[in-house]
Trainee: 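This is the structure, below, for whatever I ask next.
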Amino acid sequence: MTYPTPTTDLIRDPRRPCVSVGTQWVVDAAGCNASALQSLEMIQTICDDVVESLRLTVIGEPAAHRFASPHGVTLLYLLSESHLACHTYPEHGLATFNFVCCREEADWPWADKLRCILGATDVMIRVMHRGAWSTSPGSMDS
């Protein structure tokens, strides 16, 4: 399989793939309020805000599960743009989010919102551009 030759700008910026299929955000919020992390409604409010703010399209109903105390919740949104998932761990004061979107730019103020809503003391955000990279023509042939 042959992929398109990358543009000069993409060669200069190795963080961007030459064949892009979107972006992935991996977000860990630590030091959160345990009762907020056990609230399915609270976590769903956060996810609904992400969906509404970014004008995403939810497919079907979100899948959700509340575990017995002292454990948290799991919530998964299937999106036409990909998916949004959250898992909470009240016993550790931790919420983890994974958001994959086929759009290049779908940024959301994760740190500010999670500090405000969940009381997070530390928010780590990792952004990965998804796709295929090539540094020279023909290097991605199979």
Side-chain angles (χ1 to χ4, degrees), residues 1-137 139-140 142:
M1 174 178 226
T2 303
Y3 290 92
T5 302
T7 66
T8 305
D9 289 337
L10 290 171
I11 291 172
R12 278 192 232 128
D13 186 356
R15 297 167 297 168
R16 299 281 181 176
C18 64
V19 177
S20 177
V21 293
T23 306
Q24 180 170 359
W25 286 262
V26 176
V27 180
D28 295 327
C32 298
N33 177 291
S35 62
L37 296 177
Q38 288 177 313
S39 170
L40 183 57
E41 296 76 19
M42 180 82 66
I43 301 306
Q44 193 158 13
T45 296
I46 294 168
C47 292
D48 287 344
D49 190 20
V50 172
V51 167
E52 184 179 320
S53 296
L54 297 175
R55 295 184 180 99
L56 303 169
T57 306
V58 178
I59 299 171
E61 292 296 317
H65 182 74
R66 183 188 333 251
F67 295 91
S69 185
H71 305 294
V73 303
T74 291
L75 188 58
L76 174 64
Y77 285 64
L78 179 60
L79 307 170
S80 65
E81 299 84 0
S82 197
H83 68 272
L84 170 63
C86 178
H87 307 283
T88 69
Y89 306 87
E91 66 274 27
H92 302 296
L94 180 66
T96 64
F97 294 83
N98 187 286
F99 173 48
V100 180
C101 187
C102 61
R103 296 183 196 158
E104 287 297 318
E105 301 299 326
D107 207 7
W108 192 71
W110 292 100
D112 292 341
K113 295 279 192 167
L114 298 179
R115 284 186 179 108
C116 179
I117 299 169
L118 299 178
T121 57
D122 187 36
V123 178
M124 177 185 286
I125 302 165
R126 288 158 285 177
V127 179
M128 295 173 276
H129 300 284
R130 305 306 303 266
W133 280 257
S134 177
T135 56
S136 62
S139 69
M140 297 191 74
S142 56

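For this chain, numbers begin at 1 and follow the sequence in order. Please read all numbers here as calculations on a predicted model, not as lab measurements.
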Trainee: So, do Cys47 and Phe97 sit near enough that their side-chain heavy atoms are less than 4.5 Å apart?
Mentor: yes
Trainee: Hey, does Leu79 have a side-chain heavy atom less than 4.5 Å from the side chain of Val58?
Mentor: yes
Trainee: Is there a donor-acceptor contact under 3.5 Å from the side chain of Ser82 to the main chain of Cys102?
Mentor: no
Trainee: From Cys101 SG over to Arg130 CZ, what is the distance, rounded to the nearest 0.5 angstrom?
Mentor: 13.0 Å
Trainee: Taking all non-hydrogen atoms of both residues, which atom of Arg115 and which atom of Ala120 are closest, and how far apart?
Mentor: CG-O, 3.2 Å
Trainee: State the CH2-CG distance between Trp25 and Asp107, to the nearest 0.5 angstrom.
Mentor: 6.0 Å
Trainee: If every non-hydrogen atom of Cys32 is compared with every non-hydrogen atom of Leu37, which pair is closest and at what distance?
Mentor: CB-CD1, 3.6 Å
Trainee: How far apart are the closest heavy atoms of Pro62 and Leu75, and which atoms are they?
Mentor: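 It is CB-CD1, 4.1 Å.
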Trainee: Ignoring hydrogens, what is the shortest heavy-atom contact between Gly72 and Thr88? Give both atom names and the distance.
Mentor: CA-OG1, 3.3 Å
Trainee: Does some side-chain heavy atom of Leu114 sit less than 4.5 Å from a side-chain heavy atom of Val27?
Mentor: yes
Trainee: State, with a plain yes or no, whether a side-chain heavy atom of Leu118 is found less than 4.5 Å away from one of Ile43.
Mentor: yes
Trainee: A side-chain contact here means heavy atoms from C-beta on lying under 4.5 Å apart; do Thr23 and Arg103 qualify?
Mentor: no
Trainee: Side-chain contact, heavy-atom cut-off 4.5 Å: Cys86 with Ile46?
Mentor: no
Trainee: For the backbone of His87 and the side chain of Thr96, can you confirm whether one donor and one acceptor N or O come within less than 3.5 Å of each other?
Mentor: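 Checking the backbone N and O of His87 against the side chain of Thr96, a donor-acceptor pair under 3.5 Å is found.
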Trainee: Decide yes or no for Leu54 and Phe99: does some side-chain heavy atom of the first lie under 4.5 Å from some side-chain heavy atom of the second?
Mentor: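 With C-beta onward as the side chain, the pair touches.
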Trainee: So, for Leu40 and Arg66, which heavy atoms are closest and what is the spacing to 0.1 Å?
Mentor: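 Closest approach of Leu40 to Arg66, heavy atoms only: N-NH1, 3.3 Å.
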Trainee: Determine whether more than 12 heavy atoms belonging to other residues, nucleotides or ligands lie under 6.0 Å from atom CD of Glu61.
Mentor: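 Check fails, neighbour count at 12 or below.
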Trainee: Is there a side-chain contact between Met42 and Ile117 (heavy atoms, below 4.5 Å)?
Mentor: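 Yes. Closest side-chain heavy atoms under 4.5 Å.
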Trainee: Evaluate the ring planes of Trp110 and Trp108, with Trp represented by its six-membered ring, and classify them as parallel (under 30°), tilted (30 to 60°) or perpendicular (over 60°).
Mentor: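 Perpendicular: the ring planes of Trp110 and Trp108 meet at over 60°.
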Trainee: Provide the closest heavy-atom pair for Ile125 versus Ala111 in the form atom of the first, atom of the second, distance.
Mentor: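 Closest approach of Ile125 to Ala111, heavy atoms only: CD1-N, 4.0 Å.
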Trainee: Does Met128, at its CE atom, have more than 12 non-hydrogen atoms belonging to other residues, nucleotides or ligands within less than 6.0 Å?
Mentor: yes
Trainee: Do other residues, nucleotides or ligands put more than 12 heavy atoms under 6.0 Å from the CZ atom of Arg55?
Mentor: no
